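Written below as structure tokens is the structure these notes are about.
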Protein chains: 2
Amino acid sequence: MAGIQKAKSEETQRRVLEAAVKAVERGGFEALQIRRIAADAGYSVGSVYKHYADQDALVTAVDTVTLARIKTAMAQAVEGVSDPLEQLKALARAYLAFAQEHRNLWQTLFALKMAEGAPTPDIHVQELVDLLGFIAEPLRQLEDGLDAEALAARTRTCFAALHGLVAISLEDRFVGLTTETLDSEMMFLVERLAGR
Amino acid sequence: MAGIQKAKSEETQRRVLEAAVKAVERGGFEALQIRRIAADAGYSVGSVYKHYADQDALVTAVDTVTLARIKTAMAQAVEGVSDPLEQLKALARAYLAFAQEHRNLWQTLFALKMAEGAPTPDIHVQELVDLLGFIAEPLRQLEDGLDAEALAARTRTCFAALHGLVAISLEDRFVGLTTETLDSEMMFLVERLAGR
DNA sequence: TCAAATAGTGAACATTGTTCATTTTTTGAC
DNA sequence: GTCAAAAAATGAACAATGTTCACTATTTGA
């Protein structure tokens with residue numbers, strides 16, 4: 001008869017997180033309201049706090065889901081692609097596509113975590129390292145003269161540049177480019193970064 | 001005897017904005033609280049709302065100040081520099097320096113305005129066009145084969161790439177690079193973007 | 001001098017994150 | 001099966017904050 005408590009606890013945590021992800025997907029960062037999520041998940045506000053210390057913890061949990069999804073998308077992007085330059089192009093397109101298709105999740109992931117004094121959870125750091133790993137491998141093949149440290153720095157630079165292009169492309173403030181222009185600019189950036 | 005009302009109104013608006021800028025500088029986006037700002041400026045909350053429709057309007061006003069400061073920094077950066085590649089490098093360094101020295105203002109400027117349905121104010125669009133203009137001019141000299149439209153797209157791409165590097169460098173999530181490495185990576189990026 | 005217009009006030013309200021005393025359910029020993 | 005302790009769940013209450021608005025104080029122009 002034992003095990004009911006554990007199962008209930010896990011289900012509650014899972015359903016709360018599901019409701020939180022859906023809330024962010026629908027309404028962005030601001031839609032992550034405890035009362036709303038508790039109601040959507042079918043619990044009271046108190047139950048949410050039993051599993052997540054505060055709103056930040058819930059955002060962090062949503063971000064963890066987002067990172068996992070990005071990782072999956074990146075892994076699929078390079079699947080079966082052997083040419084390093086083509087790998088980088090595929091990764092760039094996958095990253096842009098994810099941001100466009102999951103705009104609210106992506107924006108929440110990069111919406112100033114910096115303001116908080118809390119350190120980044122280990123799981124996030126690991127996921128980010130994995131993401132950078134996708135870029136590091138083709139880069140290593142293209143720039144064979146780099147030592148490990150330089151490669152790590154170069155990898156981050158390449159990711160950051162692509163990230164910036166994606167971030168700016170999602171902003172309304174900058175006059176929008178056509179989809180074709182954005183893609184060609186992105187490919188230009190990848191080629192220049194790859195030294196081609 | 002006339003003119004007192006106008007002077008008072010303008011002073012109130014100015015002092016409220018000054019308090020708002022200082023609040024953001026000190027505590028970031030989250031420090032922009034109406035009560036706190038009203039008290040700092042020496043007015044009641046109602047007076048703040050006489051000059052700014054809501055919190056968003058006040059953030060927008062702060063962002064306008066930030067954009068003007070960035071524009072000034074960029075203008076100073078290229079002053080007396082004639083070589084186009086050196087101009088781009090100076091602009092990149094100035095942009096990074098501003099973000100580092102005015103981290104909270106910079107972050108607030110790029111903290112998801114996207115969530116709001118409100119359109120970007122004209123003054124912001126104009127300032128952003130001016131900022132891109134600083135980059136467009138040296139780019140035009142370096143890539144003489146581009147037509148106006150392609151140059152505009154390329155300019156945005158270069159800005160976005162630099163912006164991404166700056167944004168990621170300010171994040172704690174990514175293991176920090178030394179100042180020297182960051183600068184050398186930034187120069188690498190500029191040179192590659194410039195086709196050198 | 002005075003009535004209208006403007007500037008300024010702050011109490012009151014609505015929303016939302018958070019806490020905690022209480023109730024309901026589960027567990028394991030007897 | 002009984003029951004006391006532990007865990008899960010509840011929701012009222014509190015605190016912080018954005019926003020409104022009826023009211024007061026000041027300025028204006030005739």
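In this text the structure is predicted, and so the values were computed from the model without any measurement. In what follows, chains are A, B, ... by sequence order, proteins preceding strands, each numbered from 1.
Residue B:Arg36 contributes atom CZ, which lies 19 Å from atom P of C:dG10 at whole-angstrom precision. Atom CD1 in A:Ile34 sits roughly 15 Å away from atom P in D:dT10 (whole-Å rounding). For A:Tyr52 and D:dA9, the OH to P distance is 13 Å, given to the nearest whole Å. Atoms NZ (A:Lys50) and P (C:dT18) sit 16 Å apart, rounded to a whole Å.
Apart from A:Val125 itself, the hydrophobic cluster it occupies contains A:Val129, where clustering links Ile, Leu, Val, Met, Phe, Trp and Tyr at side-chain heavy-atom distances under 4.5 Å.
Side-chain nitrogen and oxygen atoms of A:Thr12 include at least one within less than 4.0 Å of the OP1 or OP2 phosphate oxygen of D:dA9. Between B:Ser47 and C:dA7 there is no side-chain N or O to OP1 or OP2 distance below 4.0 Å. Residue B:Ser44 has no polar side-chain atom (N or O) positioned under 4.0 Å from OP1 or OP2 of C:dG8. Contact check, B:Gln33 against D:dT17: a side-chain N or O comes under 4.0 Å of OP1 or OP2. Side-chain nitrogen and oxygen atoms of B:Ser9 include at least one within less than 4.0 Å of the OP1 or OP2 phosphate oxygen of C:dA7.
Within the 4.5 Å cutoff, side-chain heavy atoms of B:Phe159 are placed close to those of A:Ile168.
Nearest nucleotide to the A:Ile4 side chain, out of D:dA9, C:dG10, C:dT27: C:dT27. Taking the side chain of B:Gln5 as heavy atoms from C-beta on, and the options D:dT19, C:dA7, C:dG8, the nearest nucleotide is C:dA7. Each of D:dA9, C:dG17, C:dA7 was ranked by its minimum atom distance to the side chain of A:Gln55; first place goes to C:dG17. Out of C:dA11, C:dG8, D:dC14, the shortest distance to the side chain of B:Lys8 is found at C:dG8.
With the nearest nucleotide of DNA chain C identified for both A:Leu32 and A:Gly46, A:Leu32 has the one nearer the 5' end.
Shown here is B:Asp147, whose CG atom has more than 12 heavy atoms of other residues, nucleotides or ligands within 6.0 Å.
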